[in-house]
Amino acid sequence: MKLNPAQNEAVHYISGPCLVLAGAGSGKTRVIVNKIGYLIQTCGYKARHIAAVTFTNKAAREMKERVSQSIGRKEARGLWISTFHTLGLEIIKREHKALGLKPGFSLFDDQDSMALLKELTEKELQEDKDLLRALATAISNWKGGLIIPDRARKIAKGEQEQLFALLYQRYAQHMKAYNALDFDDLILLPTLLLQFNEEVRKRWQKRIQYLLVDEYQDTNTSQYELVKLLVGERARFTVVGDDDQSIYSWRGAKPQNLVLLGKDFPELKLIKLEQNYRSSQRILHAANILIANNPHVYDKSLFSELPYGEPLRILNAANEEQEAERVVAEIIRHKFMGKTNFGDYAILYRGNHQSRLLERALMTNRIPYRLSGGTSFFARAEIKDIMAYLRLVVNPDDDNAFLRVVNLPKRGIGPATLEKLGNFANSKHISMFEAIFDAGLQQHLAPGAIESLFKFGRFIVDTGEIAERGEGVDAIKQLIRNINYEDYLYESSPSAKAAEMRMKNISELYRWVTEMLAGDDLDEPMTLPEVVTRLTLRDMMERNNEDEAGDQVQLMTLHASKGLEFPYVFIVGMEEGLLPHQSSIDEDNIEEERRLAYVGITRAQQELFFVVCRERRQFGETIQSQVSRFVDELPQDDLHWDNRKPEKKTEQERMQTGKANIANLRAMFKK
DNA sequence: ATGTAATCTTTTTTT
DNA sequence: AAGATTACAT
């Protein structure tokens, strides 16, 4: 397929900063992929001087793959195609000295950070989970806004904010002591470093000569700052974005960055991609009408040359159980009529909890499905255990990892010992691991306890030495064997079957680590510390999910659906309070909810279904629900309502699905 | 240690 | 209301 004029222009404009406003389905990835090829093959850029940044590992992976296919593996070698966070990690790794970090620092995931915060705030916040969450968000916002603790303390208003700023400062100090970073640090640290260290900045500007940014509307303040610092005065970059698909402002994304870009770079070239190659005209028309209710800085009008297509259908259901059954029945019917595959269908929803009933209905009807999101592989206890061991081996100062594994399996190191060890470490301002080898510890602990700790410490050091010799595979193999993890699993699991499952997960993890240590034709070999941080970024997990995608109905949140497309799409729970979510209604922020609906609608290629419930249970109470205002905003001529009268058809439908017949009969007899 | 009973929490989106 | 977590009795 040839590029259209706008795409063509976007690919070939390289003499200055370039903003590509890419509507949904307008082929933006194609543009980026082609542009990278053009830069290398025609303009003489070296692959290693080009960086392309995305927001998800999946997108990065896909882009890497497509570039490789387009220009060949060899030519693509050395390209920097990664997420913002991975790029940040790369910079930190190479500049860790300038940042005052020891090599082998740990990467804390959300749970680790929360655990630390909880510990730090026992006095101030006690056990208030909401407050803790609020604190974590506040810290994340500060970091995303490039505000360091000192500054946060100066600008904090009100009692609570002042307290949060103080805790932010304390948190940062502890992270430093642990030699640990959190997700936000991966952006914040490189940005600060490049800001204040001219030499480092120059070096990176030389290294990255052309920068491409995907989903630019999702950048937050520090990410945009990082972009500016990387491109420097020469401003050779292309950013691709769509303000109508900005759905992450709640985590600090600033779609206004699209506007700021024009102010910061007056010579900015603006190119709009307005032809949609994905959806039927009817679907696109509906999406356009809906999103026209939002204010716009840049006007764009998407059009499609595909057929007009089927009407958008609205399915009614009495409650959420029927909603799920209705969707499943429709998929079965539709698949039978159209000879389609299960993989052609996607069911999208606002909140993760909505997946439960859908899953149940799919399962009872033997329909294969795949759920993206949900409980991650890395949330499993056994994976967290081994990961904690690896983190500790790589960075013994990581107290979180230490506490998780020090007595797992049981080594006779109980809570009392650990408390004393912790107090001692605190008083000397050293990590717990370091404290084990401190001579002063003898005054505080019994010889037996010290002996156990010492043995554990030696073991971690020894394993670390094996890894450092470059025998990472041996290190992990011996680790799992030496701690008798398999035995531990069989002892601690509720059944042998569960233990078997867990051990299989461990094997899976082992396989990934080994693969990453060895490298493949797309990725360089890594060292063990690199592997550990990468796995914490969930790189591997998403890669794995891709491989498994068979002929399955896709279930995911609207947020997770961004960037994907499906022939047939169901959006369930099209109700006030759910699709414009109640909290967004309360906060008067329905524009973002409208964009979310817009994202969902524009995922559909051929047919689109909405499902509406008349009532829904919430905290055990049944509440009446109303049709989402977004349905009212759609072009009514393009809608087709099924079951105009829900009550009457509802019983008929129950009969049809063969469910609840007995319940109905019983109800009749009672009357 | 293991299974059952009592109690608690949950429903916004995630790199 | 249901699922998850904790407590308690065995």
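Scope of the values below: all heavy atoms of this structure, side chains included, with no hydrogens, waters or symmetry mates. Just so we're on the same page: letters track the sequence lines, and every chain starts at 1.
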Inset, instruction - Measure the distance from CG on A/N589 to P on B/dT13 and round it to the nearest whole Å. - result: 16 Å
Legend entry - Closest nucleotide among B/dT15, B/dT13, B/dT11 to the A/D110 side chain: B/dT15
Inset, instruction - Measure from the side chain of A/H85, starting at C-beta and using heavy atoms only, and say which of B/dT15, B/dT11, B/dT13 lies closest. - result: B/dT15
Inset, instruction - Determine the contact category for A/R360: base if any of its heavy atoms lies under 4.0 Å from a base atom, sugar-phosphate if only primed atoms, P, OP1 or OP2 are that close, otherwise nothing. - result: sugar-phosphate
Inset, instruction - Whole angstrom is fine here: how far is it from CD in A/Q618 over to C1' in B/dT11? - result: 7 Å
Legend entry - Euclidean distance, atom CD of residue A/E215 to atom P of B/dT13 [Å, nearest integer]: 19 Å
Inset, instruction - State which of B/dT14, B/dT15, B/dT11 makes the closest approach to the side chain of A/T557. - result: B/dT14
Legend entry - salt bridge (charged side-chain N to carboxylate O under 4.0 Å, His left out) involving A/E65 - partner list, sequence neighbours excluded: A/R73
Inset, instruction - Can you figure out which of B/dT14, B/dT15, B/dT11 approaches the side chain of A/T56 most closely? - result: B/dT15
Legend entry - Pairs satisfying ring-ring contact (aromatic ring centres under 6.0 Å, His included), at least one member in residues 570-593 of chain A, at least two apart: A/F570-A/F609
Inset, instruction - Have a look at A/L558 and tell me which of A/I601, A/L596, A/I247 forms a side chain to side chain contact (heavy atoms under 4.5 Å, CB included) with it. - result: A/L596
Inset, instruction - Considering only heavy atoms of chain A and a distance under 4.0 Å, specify the first and last nucleotide of DNA chain C in 5' to 3' order that meet this criterion. - result: C/dA1 to C/dG3
Legend entry - Counterpart residues, side chain to side chain contact (heavy atoms under 4.5 Å, CB included), relative to A/D110 (two or more places apart): A/F183
Inset, instruction - Take the protein atom CG of A/L186 and the nucleotide atom C1' of B/dT14, then report the distance between them rounded to whole Å. - result: 15 Å
Legend entry - Rounded distance in Å - CG (A/D184) to C1' (B/dT14): 11 Å
Inset, instruction - Compare the ring of A/Y248 with the six-membered ring in the base of B/dT13 and state whether they stack (centres under 5.5 Å, planes under 30°). - result: no
Legend entry - A/N352 side chain near B/dT13 phosphate (N/O to OP1/OP2, under 4.0 Å): yes
Legend entry - Length of the line joining A/E90:CD and B/dT15:P, which is rounded to integer Å: 20 Å
Legend entry - A/M114 CE to B/dT14 P, straight-line distance once rounded to whole Å: 16 Å
Legend entry - Contacts of A/A401 that satisfy side chain to side chain contact (heavy atoms under 4.5 Å, CB included) - sequence neighbours left out: A/A388, A/R391, A/L392, A/D398
Legend entry - Whole-angstrom distance between C/dA2 and B/dT13, as gauged at atom C1': 23 Å
Legend entry - side chain to side chain donor-acceptor pair (under 3.5 Å) partners of A/E576, counting only residues at least two apart: A/R629
Legend entry - Atom pair distance, as rounded to whole Å: CZ in A/F55 and C1' in B/dT13: 15 Å
Inset, instruction - With heavy atoms under 4.0 Å as the rule, sort A/Q582 into base, sugar-phosphate or nothing. - result: nothing
Inset, instruction - Flag yes if more than 12 heavy atoms outside A/Q626 fall under 6.0 Å of its CD atom; otherwise flag no. - result: no
